[in-house]
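The structure appears below as C-alpha cells.
Chain A is the first sequence line, chain B the second, and so forth, proteins listed ahead of strands; every chain is numbered from 1.
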Amino acid sequence: MPESRTSAANGAVNGAQGHGEPVTFLEAIKQAIFEEMERDPAVVLLGEDVGVYGGAFKTSEGLLERFGWERVIDTPISESAIIGAACGMSYLGLRPIAEMQFIDFIACCFNQLTNFVAKGHYLWNAPAPIVVRGPSGGGVHGGPFHSANPEMYFVHTPGLKVVYPSTPYDAKGLLKAAIRDNNPVLFFEHKFLYRRIKEVLPAGDYTVPLGKAIVRREGKHLTIVSYAAMMHTALEAAEALAKEGIEAEVIDLRTLLPLDEETILESVKKTNRCLVVHEDTKTGGIAGEIAAILCEKAFGYLDGPLMRVTALDTPVPYAPPLEEHFLPNAKKIFAAAKELARY
Amino acid sequence: MKTDPNKDHLGKDPAGKDLTRQQYLDLYYYMRLNRAVEDTMVKLFRQNKIVGGLYSSLGQEAISVGTAYALEKKDWLAPMIRNIGALLVKGVPPRDIFTQHMAKYTSPTLGKDGTSHFGDLDNLHIVSPISMLGDLIPVMTGVAMAGRYLGQKIVAMTWIGDGGSSTGVFHEGLNFAAVQKAPFVLILENNQWAYSTPVKRQVPIENLADRAKAYGIASYIVDGNDVVAVYRTAKEAVDRARAGDGPILIEAKTMRMRGHAQHDPAEYVPKDMFEHWKQRDPIEQYEKFLLEKKLLNAATKKELEQKMEALLNKDRDFAEASPMPPPELAEKGVYCTGDDCHKIAAQWERDKSEVMPPKSNIAAVWKVAAFGTGKGSGGKNAPIHFGDTAAAEEQKDNAAELSPKAPAKVVRNGAAKTTKVPAGKARR
C-alpha cells in the first residue's frame with residue numbers, strides 16, 4: 001500500500017492539452033496574477049511582503065518591477081486593514097487581490113470578511129469584487145499556526161465564494177475566474193502542492209468556472225469526493241482499490257461555495273456509495289454538509305452510510321509523527337473505501 | 001499653518017469673513033433638518049412604527065453637518081449610526097431614513113437592514129456602515145487609495161466614537177492610511193459615553209486626538225457643538241488631505257444627550273452633566289449667533305421651517321404608506337450574478353497607460369523618506385530597496401520640511417488655542 005500523499009506529483013491529472021514545459025502550482029498562481037494585472041489595470045495586489053520581497057512563497061516575484069508601487073502594495077501586518085482597504089478599493093471599480101501571508105492569519109480579519117465584505121451585496125447592493133488568497137494546509141510541518149484549513153468558517157458565510165484547487169491548471173484558471181468575478185472570493189492554495197506538482201498549461205488565456213466540480217477518475221463502485229491536496233491522495237487510494245477490483249469514482253470539488261451538488265448527486269446515483277475525504281478537521285467539515293445533501297436528495301440511492309476520512313478534531317500538531325497521525329492518508333482512505341464497498 | 005484665535009469660535013467670528021450667507025444658512029438648515037428628522041422618528045417610534053432601535057444624535061448635529069458640509073460632491077463618506085446629518089448634507093432625502101427605520105420595501109436596502117445602514121456607490125458615494133465599529137476606517141482608506149490611483153482627487157471621510165477608537169481595526173486602519181498617505185479624514189466624535197461607559201474608563205488620556213501622534217498624522221481638536229468651527233476645521237482637513245498631506249484626525253468634543261438608543265434612559269449620566277451641555281446646545285447657540293449677526297431673521301426662519309415641515313410631512317407620509325417587503329425577497333441578492341447585475345468599471349481620470357507596463361513607475365508615488373528611492377544604499381542598481389538607513393542629512397531635511405506645518409488646533413470653551421503639539425511631525 002503506497003504511503004505518499006500524492007501520486008500525481010509529477011504529472012497532469014486533468015489531461016489538458018498543453019504546450020511547453022510543465023509548471024508548478026506556484027508558477028500557475030504567479031502566471032494568473034501576472035496575466036490578469038497585465039490585462040486589466042483595475043487589478044492590484046496588496047499584502048504583507050508582496051512587493052519588494054515578492055511574497056513569502058514568491059508568488060508575486062517580479063510584479064513590483066513590472067507594475068509599480070501603486071499596483072503592488074506592501075502593507076503593514078494588519079489583516080483587517082488589508083481586507084478593509086481591498087473592499088474599499090473595489091467600491092471604486094478596482095479588483096484587488098489581497099494576500100494572506102499564510103491563510104491561518106485570515107482569522108485576524110474574520111469580522112471584516114464575514115460582517116462587512118460578505119453582506120454588502122445582499123444588504124445594500126454593493127458588490128465587492130475582491131480575491132483573498134493565501135497558502136493553506138498541512139503536511140509540511142508548519143505547526144499549528146501555519147497549516148490550517150479554515151475554509152469552513154467561510155463556507156458558512158453567505159455572500160462569499162470559496163475556491164480550493166488541486167492542480168496547476170485549475171489554480172490558474174480558477175484564480176483568473178475569481179479575479180473577474182463580481183463577488184468576494186476566498187482562494188485557498190494548498191502549500192503542499194506548491195512545488196510538488198507540475199503540469200503543462202495551455203497557451204493563452206483560459207478560465208475555469210467557479211462552482212463546478214470535476215470527475216477526476218471514473219468508477220462504478222463508490223464515489224470519493226475530495227478537494228485540494230487530498231484529491232491526489234484519494235486518487236492514489238483509488239489506484240490501489242482498482243487492483244482489488246474496486247473502481248472508485250473521484251470527484252474534485254474545486255469550489256466549496258457554491259457547492260456543485262449536481263456533480264456529486266449524479267455520481268452517487270450511479271455508484272450508490274459515497275466517501276468524503278478532506279484535510280480539514282472532521283466536525284463541521286464539508287463531509288457533514290455533503291452527507292446532509294445526500295440524505296435530502298439521494299437517500300433512496302444509498303446502499304451504505306456516508307463515510308468520511310478527515311483530519312482529527314485537534315489543532316494541527318508540529319512533530320512529524322503527530323502530524324502524520326493527524327492527517328488523512330491513502331491507507332486510511334483505502335480502508336474506509338473497502339469497508340464502504342462491502343455494503 | 002496660520003492660526004487666528006478669533007477665527008474659529010463662532011461668537012467671535014466676523015460674519016461673512018469666509019463663509020457666504022448661504023453657507024451659514026445651509027449649516028443651520030441641515031442641523032435643523034437633522035433634529036427634525038429625528039424628532040419625527042421619535043414620534044414614529046412611540047407609535048410602534050419603527051421596527052428596531054432608534055439612535056439619537058441629539059446634541060451632536062453640528063459635527064455631522066459641519067464635517068460633511070466640507071466635502072465636495074465627488075467625495076466619499078461612510079457614516080456611523082448617529083450621522084443622519086451627514087447623510088442629509090450629502091443628499092439623502094429624509095424619506096430614505098424613515099423607510100429604513102420602518103423596514104419598508106421602498107427603503108434603500110428594501111428592508112434588508114435598518115437605520116443609517118445603507119449606501120450608494122454610484123451617485124452619492126456613500127458607504128454603508130455596519131455595527132462593528134472601526135471597520136470603516138480601513139474601508140475608507142481603500143476608497144481613498146483607489147481614488148488616488150484612478151486620478152479622481154477625492155477625499156474619503158468617516159466617523160468614529162470615543163468608544164470605537166479602542167478597537168483594533170481603528171489602529172490597523174489609521175496606521176495603514178498614514179503609511180499610505182491616503183486622502184482620508186477621520187472624525188472622532190467624543191460624546192463622552194460608549195453606551196454606559198464614560199470615556200475616562202475607556203481611555204487613559206485626556207484628548208483622543210493625541211492618538212494621531214502614534215500614526216505620525218496631523219490632528220485637530222474642535223468644539224463639536226460649534227458648527228462653524230467644525231466646518232472650518234473639517235474644510236481645512238479635507239483641503240489638506242486632498243492636497244496630499246495624508247490622513248487627518250479631528251476630535252470633536254461633544255455630549256450624547258440621550259441614552260445609547262431609545263430603550264436606554266441613560267440614568268448613569270450625572271444630571272448636572274446633562275444640564276451643563278444643555279446650555280451649549282449646538283442649534284440654539286448657532287441660531288442665537290445668526291440672529292445677532294443678522295444672517296437670519298424671523299421671516300427667513302419661518303420660511304425655512306415651513307419648507308422643512310412640508311418636506312418631512314411628505315416623506316413621512318410616503319414612508320408610512322409604503323409596503324413591507326415581500327417575504328421571498330429574503331432569498332435574493334446574496335451574490336452579484338455578473339454584468340447583468342452590476343457592470344463594474346473604474347472611472348479613470350488619469351491615463352491608464354501610466355499604470356501599465358512599460359510605463360508603470362517603480363519610483364515611489366508619494367514621498368516617504370528613504371523609502372523606495374534607494375538613497376542611502378549608494379546603489380543605483382538597487383532602486384527599490386528600503387532597508388537602508390537614510391543619510392543623517394536627509395533625515396534632517398525631512399524633519400525640517402514636515403514639522404512646523406500642522407500644530408494641533410484646539411477650539412473649545414469659547415476660545416481657540418494653539419497647543420505646542422507638532423502634530424505634523426513625522427507626518428509622511
Given Ile137(B), Val169(B), Val127(B), Thr141(B), the one with more heavy-atom pairs under 4.5 angstrom with chain A than any other is Val127(B)
Can you sort out the partners of Phe34(A) under ring-ring contact (aromatic ring centres under 6.0 Å, His included), two or more places apart, ordered by chain and number? Phe67(A)
Distance, nearest 0.5 Å, that separates OG of Ser131(B) from CG of Asn111(A): 10.0 Å
Taken in chain and number order and not counting sequence neighbours, the residues that satisfy side chain to side chain contact (heavy atoms under 4.5 Å, CB included) with Asp340(B) are Thr337(B)
Just verifying a value: how many Å separate Lys352(B) NZ and Asp40(A) CG, rounded to the nearest 0.5 Å? 7.5 Å
Most contact-rich option vs chain B, by heavy-atom pairs under 4.5 angstrom, among Met89(A), His121(A), Arg180(A), Gln112(A), is His121(A)
Part of Val44(A) within contact of chain B (heavy atom distance under 4.5 Å): side chain
Can you tell which part of Ile82(A) gets under 4.5 Å to a heavy atom of chain B, answering side chain, backbone, both or neither? neither
Per-residue tally against chain A (heavy atom, under 4.5 Å) across Asp135(B), Leu110(B), Ile130(B), Asp113(B) peaks at Asp135(B)
Counting distance only, does the side-chain N/O of Arg71(A) pair as donor-acceptor with the main-chain N or O of Val355(B) below 3.5 Å? yes
Can you give me the closest heavy-atom contact between Tyr91(A) and Trp76(B), atom names plus distance? O-CH2, 3.8 Å
Once rounded to the nearest 0.5 Å, what's the spacing between atom CE of Met37(A) and atom CE of Met356(B)? 9.0 Å
Looking only at heavy atoms, what is the nearest atom pair of Ala146(B) and Leu94(A), with distance? CB-CD1, 3.6 Å
Heavy-atom nearest pair, Leu92(A) first then Leu150(B), reads O-CD1, 3.5 Å
So which part of Glu79(A) gets closer than 4.5 Å to some heavy atom of chain B, the side chain, the backbone, both or neither? backbone
Between Asp120(B) and chain A, with a heavy-atom cut-off of 4.5 Å, which part of the residue counts as in contact: side chain, backbone, both or neither? backbone
Starting at NE2 of His342(B), measure out to CG of Asn182(A) and round the result to the nearest 0.5 Å. 8.5 Å
Listed by residue number, which members of residues 101-109 of chain A have a heavy atom under 4.5 Å from any heavy atom of chain B? none
When rounded to the nearest 0.5 Å, the distance separating CZ of Phe176(B) from CD1 of Ile77(A) is 13.0 Å
Toward chain B, the part of Asn183(A) with a non-hydrogen atom under 4.5 Å: side chain
Segment of Ala126(A) engaging chain B (4.5 angstrom heavy-atom cut-off): both
Minimum heavy-atom separation for Ala42(A) to Trp348(B), with atom names? N-CZ2, 4.2 Å
Pair listing, salt bridge (charged side-chain N to carboxylate O under 4.0 Å, His left out) test, anchored in residues 165-175 of chain B, at least two apart: none
Which heavy atom of Phe116(A) sits nearest to which heavy atom of Leu136(B), and what is that distance? CE1-CD2, 3.7 Å
Quick one: pull up CG in Leu329(B) and OH in Tyr122(A) and give me the separation to the nearest 0.5 Å. 6.5 Å
Is there a side-chain contact between Ile344(B) and Ser90(A), using heavy atoms and a 4.5 Å cut-off? no
Chain A interface, residue from Ala345(B), Gly134(B), Cys341(B), Gly333(B) that has the most non-hydrogen pairs under 4.5 Å: Gly333(B)
If you take all heavy atoms of Ser360(B) and Gly68(A), which pair is closest and at what distance? CB-N, 4.0 Å
